[in-house]
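For reference, the structure is listed below as structure tokens.
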Amino acid sequence: MYALVDGNNFYASCERVFRPSLNGCPIVVLSNNDGCAIARSNEAKALGIAMGAPWFKIKHLVETSGLVALSANFALYGDLSDRMMSLAAGLGPAQEIYSIDESFIDMTGVQGDLVARSHKVRRRILQWVGIPCGIGIGRTKTLAKLANYVAKTAERKPGSYPEHLAQVCNLDALPPAQLEAVLAATAVGEVWGVGRRISAQLVEAGVSTVLDLTRLDAATVRRRWSVVLERTVRELQGTACIDLAHTPAAKQEIACTRSFGHAVTAQADLAEAVTEFASRAAQKLRQQGSQAAQVLCFIRTSPFRPEAQYSRSISVPLRRPSADTGVIVAAALAGLAAIYRPGFQYAKAGVMLLDLQSDRVQQGELMFEDEATELQARSHLMATLDELNLRYGRGTVVMASAGLAGERRVWSMKQERRTPGYTTCWADMPVARA
DNA sequence: TCTGGGGTCCTAGGACCC
DNA sequence: TCTGGGGTCCTAGGACCC
């Protein structure tokens with residue numbers, strides 16, 4: 001038995017924790033560069049704001065409907081997420097943190113009333129962290145996801161599902177007739193693993209509800225669609241095909257990419273951005289104990305703009321797998337020099353690290369002694385770099401090609417509505433007054 | 001003026017091997 | 001009339017997730 005605990009409208013709820021005056025207000029949280037809406041409170045959803053709606057298209061709602069828009073504050077969300085996760089873990093013996101706002105809990109062997117236990121944990125998260133969440137329970141991860149959807153929807157849209165399924169829903173505890181009614185009332189596109197494309201194909205084939213999908217023959221689904229969808233169908237039928245991931249797997253690729261606050265044309269400015277992205281990526285790489293054998297660098301103009309378009313990427317193989325910021329930045333800059341063309345309005349760039357492997361595995365090679373010594377020294381240098389940036393804050397020690405701190409960089413991100421780092425920055429600590 | 005960032009898995013097809 | 005059989009590795013592209 002699995003439970004899925006999922007924070008409601010997570011980013012929007014995080015913003016409300018320290019600004020209770022936002023309760024009841026329509027809120028959206030904006031992506032980097034204040035580009036588009038990536039989280040919406042229920043009130044904002046009710047205004048008809050779609051996920052991913054461009055900010056300039058919904059801006060007018062500030063005047064007409066009291067919409068509040070905030071720049072994404074990922075330091076805050078990450079910290080509140082950690083707190084929520086540690087409480088959610090109390091539901092059962094094992095937890096998989098699936099995303100910033102969701103975790104699966106293995107409830108195998110948990111005695112007693114699972115629904116009552118879930119309500120208790122839910123109340124605790126609400127009281128101790130301030131985040132409302134929904135909890136879904138089912139025999140497989142896909143069913144737990146579905147139950148979670150029912151729990152949230154029953155709360156948000158009264159009348160959509162039986163009232164007692166709001167907030168916490170255990171599909172496994174429903175009498176067969178009630179379960180069928182719930183499955184029949186849910187669109188097939190709400191199933192975990194069924195996206196827009198497959199959903200359209202299923203509806204076309206007359207499979208429009210979750211009940212219809214559950215009743216399909218798994219082998220037929222495999223033949224007509226894919227092994228991926230077959231797994232989904234089997235999971236809906238109660239056969240677990242997707243295990244709980246007990247330990248987070250090391251990433252196979254690490255990326256750092258950003259859209260710019262303003263269009264960039266000069267190679268020097270792109271080089272600053274690419275240096276920063278490569279440095280961040282290298283740091284993430286060291287954090288998970290990996291080395292990269294290839295560095296990919298890309299630049300592109302904005303597909304939304306009418307000007308001439310240009311988009312290119314290049315993959316630069318490294319002499320030997322490395323996690324050295326200097327080596328990775330140099331490769332990324334060499335890549336940039338190879339693909340850069342003047343005369344374009346660049347909107348985005350990025351660095352990806354590929355062919356990752358553990359840093360504890362070293363390919364043996366013949367090497368001069370001073371070269372080996374140098375590699376050793378560089379590795380210590382990287383450890384020191386990470387330590388300094390951890391202790392004194394990100395960006396304390398950087399590669400010089402990233403540009404000088406304090407100078408306004410033309411490419412830096414736009415974040416005009418950012419809330420304080422209430423729980424992650426001493427200077428931003430909230431003050432309570434009597 | 002203005003449209004995010006970071007991932008995973010699966011399949012098909014080509015190149016190549018014996 | 002009519003060109004084997006069996007396999008691996010790599011890449012691009014599609015689909016999905018939050």
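Lettering of chains follows the sequences in order, A, B, ..., and the numbering in each one begins at 1.
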Could you check whether [X] gets within reach of a base, just the sugar-phosphate, or nothing at all, counting any heavy atom under 4.0 Å?
| X | result |
| --- | --- |
| A:D101 | sugar-phosphate |
| A:I254 | sugar-phosphate |
| A:R280 | nothing |
| A:K251 | sugar-phosphate |

Next on the checklist: Taking salt bridge (charged side-chain N to carboxylate O under 4.0 Å, His left out) as the definition, give me every residue that meets it alongside A:D34, ordered by chain and number, with sequence neighbours left out.
Outcome noted: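 Checked A:D34 against salt bridge (charged side-chain N to carboxylate O under 4.0 Å, His left out); zero matches.
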Checklist entry - Near DNA chain C, which residues from residues 185-203 of chain A have a heavy atom under 4.0 Å away? => result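 The answer is A:V191, A:W192, A:G193, A:V194, A:G195, A:R196, A:R197, A:I198.
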With sequence neighbours left out, what residues match [X] under ring-ring contact (aromatic ring centres under 6.0 Å, His included)?
| X | answer |
| --- | --- |
| A:W192 | A:Y98, A:F104 |
| A:Y2 | none |
| A:F277 | A:W411 |
| A:Y340 | A:Y346 |

Next on the checklist: Quick check on DNA chain B: between A:S302 and A:T257, whose nearest nucleotide comes earlier from the 5' end?
Outcome noted: A:S302
Checklist entry - Between A:F56 and A:N32, which has a closest nucleotide on DNA chain B that is more 5'? => result A:F56
Item to check | Rounded distance in Å between the C1' positions of B:dC17 and C:dG4 | outcome: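 It comes out at 14 Å once rounded to the nearest Å.
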Do the side-chain N and O atoms of [X] and [Y] include a donor-acceptor pair separated by under 3.5 angstrom?
| X | Y | value |
| --- | --- | --- |
| A:Q167 | A:E155 | yes |
| A:R286 | A:T325 | yes |
| A:Q309 | A:T301 | yes |

Next on the checklist: Please list all pairs meeting side-chain hydrogen bond (donor to acceptor under 3.5 Å, both in side chains) that have one or both residues in residues 348-359 of chain A, counting only residues at least two apart or in different chains.
Outcome noted: A:Q294-A:D355
Checklist entry - Is A:E235 salt-bridged to A:K141, going by a charged N under 4.0 Å from an acidic O? => result no
Next on the checklist: Please check if the number of heavy atoms outside A:R394 that lie under 6.0 Å from its CZ is greater than 12.
Outcome noted: no
Scan the side chains in residues 16-23 of chain A for donor-acceptor partners under 3.5 Å anywhere in the protein, sequence neighbours excluded, and list what turns up.
{"unit_1": "A:R16", "atom_1": "NE", "unit_2": "A:L22", "atom_2": "O", "d": "3.1"}
{"unit_1": "A:R16", "atom_1": "NH2", "unit_2": "A:L22", "atom_2": "O", "d": "3.4"}
{"unit_1": "A:R16", "atom_1": "NH2", "unit_2": "A:C25", "atom_2": "O", "d": "2.8"}
{"unit_1": "A:R16", "atom_1": "NH2", "unit_2": "A:E43", "atom_2": "OE1", "d": "2.9"}
{"unit_1": "A:N23", "atom_1": "ND2", "unit_2": "A:P20", "atom_2": "O", "d": "3.1"}

Checklist entry - With Watson-Crick and G-U wobble geometry limited to distances under 3.5 Å, how should the secondary structure of DNA chain C be encoded in dot-bracket form, using | for bases paired to another strand and [ ] for crossing pairs? => result ....||||||||||||||
Next on the checklist: The criterion is side chain to side chain contact (heavy atoms under 4.5 Å, CB included); which residues satisfy it with A:P248, sequence neighbours excluded?
Outcome noted: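 Expected list: none.
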Item to check | Sorted by number, the residues of residues 212-229 of chain A with heavy-atom contact under 4.0 Å to DNA chain B | outcome: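 Listed by number, they are A:V227, A:V228.
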Checklist outcome for this item: With a 4.0 Å cut-off (strictly under) to non-hydrogen atoms of chain A, the first and last hit nts on DNA chain C, 5' to 3', are C:dA15 to C:dC18
